[in-house]
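Taking it in order: structure first as structure tokens, then the write-up.
Fair warning: this is a prediction, and the values are worked out from it, not measured in the lab.
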Amino acid sequence: MKRMTVIAIVLSFCVTVLPFGAAAADTLVPGGKVVGLNLGDDSMVIAGFDSILGAAAQKAGLQIGDKIVNINGRAVHCTEDISNALDANKENAEVRYIRYGKMKSTKVQPIQTEDGPRLGIYLKQGISGVGTVTWYNPANGTFGALGHGVNGGNGQPVPVSKGTIYRATILSIIKGRAGEPGQLVGSLRDKTPIGIIEKNVQQGIFGTINAHWQGKALPVADNDEIRTGGAVIRSNVSGEEVREYSVEILKIYPSSKDGGRNMLIKVTDPALLEATGGIVQGMSGSPIIQNGKLVGAVTHVLVNDPTRGYGIFIENMLDAAA
């Protein structure tokens, strides 16, 4: 579940910023609730094509998800940049874009309209989706989620110019199978932000939340306290209900291991296996609890075995949040 379940939404940005400082916490409220996420940046990503005006762009090879970076030698960061670049050269437009981390180029014949030349593509700015909150610190209103960063086309965490979180609910599940990772399909409950994202790094996303998170605070485990054996994860795979599900920590890797792969875990809970097939996209960030302590978060699923996946140490998330 390295990727988030993408949902095309445009959201406002207006929240209260609270003091940040999660790493000093000895106890945290474990999460498990899915929230809507919106990370704003200056990227322009193709979200769709006009049924008539977009035919030439599709014929030229452009696809949904391509990140447009340059038109006719001009860098583009907004729709106005694209219009200006097309106005400057109304013939074939050379479009440079990123797909799966690789730079590509194609030529598109713009369609002349009353409003000027158009490519017939619908664009969205930033990245939207759903993910799971790992912890909430009631002492200062901070939170951590995902256990891994939200990456752009270059494989690196997207720089956050503005980011917000929203209440969300799970609508349905695409069950995971060997070779086909599943996913949680979510939707926002409303368009009013409940928090702000301040950091998007390899160990997760971090910020502040202006709504109290219900739950009992648990001690935070040091890395050397974590053992192989039984544990539970808290996840939200139906509506807004958060439940605990049994898992087994199979292996523990060095704390310096990169990419949120500090623990190998296996889902053993019959109810979760029946509902999801194991670990699915959207469950990133589900807190892992062992012996009454918060020890980490789910981060990845093994594509060929969705019952297994990786987790990050909670201490590593807190260090990154500081």
Side-chain angles (χ1 to χ4, degrees), residues 1-2 22-23 25-33 131-136 144-149 175-179 181-182 184 201-204 215-237 242-321:
M1 350 33 72
K2 184 69 173 175
D26 295 321
T27 62
L28 295 169
V29 176
K33 181 74 176 68
T132 301
V133 172
T134 304
W135 51 260
Y136 167 73
L146 297 188
H148 62 70
K175 196 171 181 177
R177 296 176 176 83
L184 302 178
V201 294
Q202 290 185 347
Q203 296 80 8
K216 179 183 177 181
L218 296 179
V220 173
D222 294 332
N223 292 348
D224 57 9
E225 294 182 86
I226 305 169
R227 300 286 185 266
T228 56
V232 298
I233 63 173
R234 287 174 56 85
S235 292
N236 172 198
V237 300
V242 177
R243 288 184 54 189
E244 290 191 351
Y245 300 96
S246 60
V247 299
E248 183 178 359
I249 300 176
L250 300 177
K251 293 182 181 179
I252 297 174
Y253 302 101
S255 60
S256 60
K257 193 173 182 68
D258 293 331
R261 293 176 173 88
N262 301 133
M263 296 174 276
L264 178 65
I265 63 175
K266 178 180 178 65
V267 175
T268 57
D269 194 289
L272 187 58
L273 291 171
E274 175 64 25
T276 66
I279 301 169
V280 297
Q281 297 173 18
M283 285 172 60
S284 290
S286 296
I288 305 171
I289 300 168
Q290 185 182 58
N291 297 325
K293 291 189 175 185
L294 180 58
V295 301
V298 176
T299 57
H300 302 72
V301 61
L302 299 183
V303 175
N304 292 326
D305 183 3
T307 67
R308 301 187 182 206
Y310 291 104
I312 185 174
F313 291 154
I314 192 64
E315 194 172 89
N316 291 4
M317 285 187 73
L318 292 173
D319 287 345

[X] to [Y] - nearest heavy-atom pair and separation:
X: Met263; Y: Ile226; value: SD-CG2, 4.0 Å
X: Met317; Y: Ala297; value: SD-CB, 3.9 Å
X: Ser235; Y: Ser286; value: OG-OG, 2.8 Å
X: Arg243; Y: Ala271; value: NH2-CB, 4.2 Å

Given side chains that start at C-beta, do those of [X] and [Y] come closer than 4.5 Å, heavy atoms only?
X: Ile279; Y: Ile265; result: yes
X: Ile233; Y: Met283; result: yes
X: Leu184; Y: Val237; result: yes
X: Leu318; Y: Leu28; result: yes
X: Thr134; Y: Arg234; result: no
X: Ile289; Y: Leu218; result: yes
X: Arg227; Y: Gln290; result: yes
X: Thr228; Y: Lys251; result: no

Would you confirm whether [X], through its side chain, and [Y], through its main-chain N or O, come within 3.5 Å as a donor-acceptor pair?
X: Gln203; Y: Ala321; answer: no
X: Thr299; Y: Ser284; answer: no
X: Asn304; Y: Ala178; answer: no

> Checking side chain to side chain donor-acceptor pair (under 3.5 Å) for the pair Thr307/Lys266: CA distance, chi angles, key distance, verdict?
Replying inline: CA-CA 6 Å; Thr307 67; Lys266 178 180 178 65; 3.2 Å; yes

Separation of [Y] [atom2] from [X] [atom1] (nearest 0.5 Å):
X: Phe313; Y: Ile288; atom1: CZ; atom2: CD1; value: 9.5 Å
X: Lys175; Y: Leu273; atom1: NZ; atom2: CG; value: 8.0 Å
X: Leu264; Y: Leu302; atom1: CG; atom2: CG; value: 6.5 Å

>> Using the salt bridge (Lys or Arg N to Asp or Glu O under 4.0 Å) criterion, which residues pair with Lys293? Sequence neighbours excluded.
In response: Glu225

>> According to salt bridge (Lys or Arg N to Asp or Glu O under 4.0 Å), who are the partners of Asp222, at least two apart in sequence or on a separate chain?
In response: none

> Does the side chain to side chain contact (heavy atoms under 4.5 Å, CB included) test come out yes or no for Trp135 and Val29, once each step is laid out?
Replying inline: CA-CA 6 Å; Trp135 51 260; Val29 176; over 6 Å; no

> Could you go step by step and tell me if His148 and Gln202 meet the side chain to side chain contact (heavy atoms under 4.5 Å, CB included) rule?
Replying inline: CA-CA 5 Å; His148 62 70; Gln202 290 185 347; over 6 Å; no

> Where does the angle between the aromatic ring planes of Tyr310 and Tyr253 fall among parallel (under 30°), tilted (30 to 60°) and perpendicular (over 60°)?
Replying inline: tilted

> Between Asn316 and Asn262, is a side chain to side chain contact (heavy atoms under 4.5 Å, CB included) present by the stated rule, with each step listed?
Replying inline: CA-CA 9 Å; Asn316 291 4; Asn262 301 133; 3.2 Å; yes

> Does the side chain of Thr268 come under 3.5 Å of the side chain of Ser246 through a donor N or O and an acceptor N or O?
Replying inline: yes

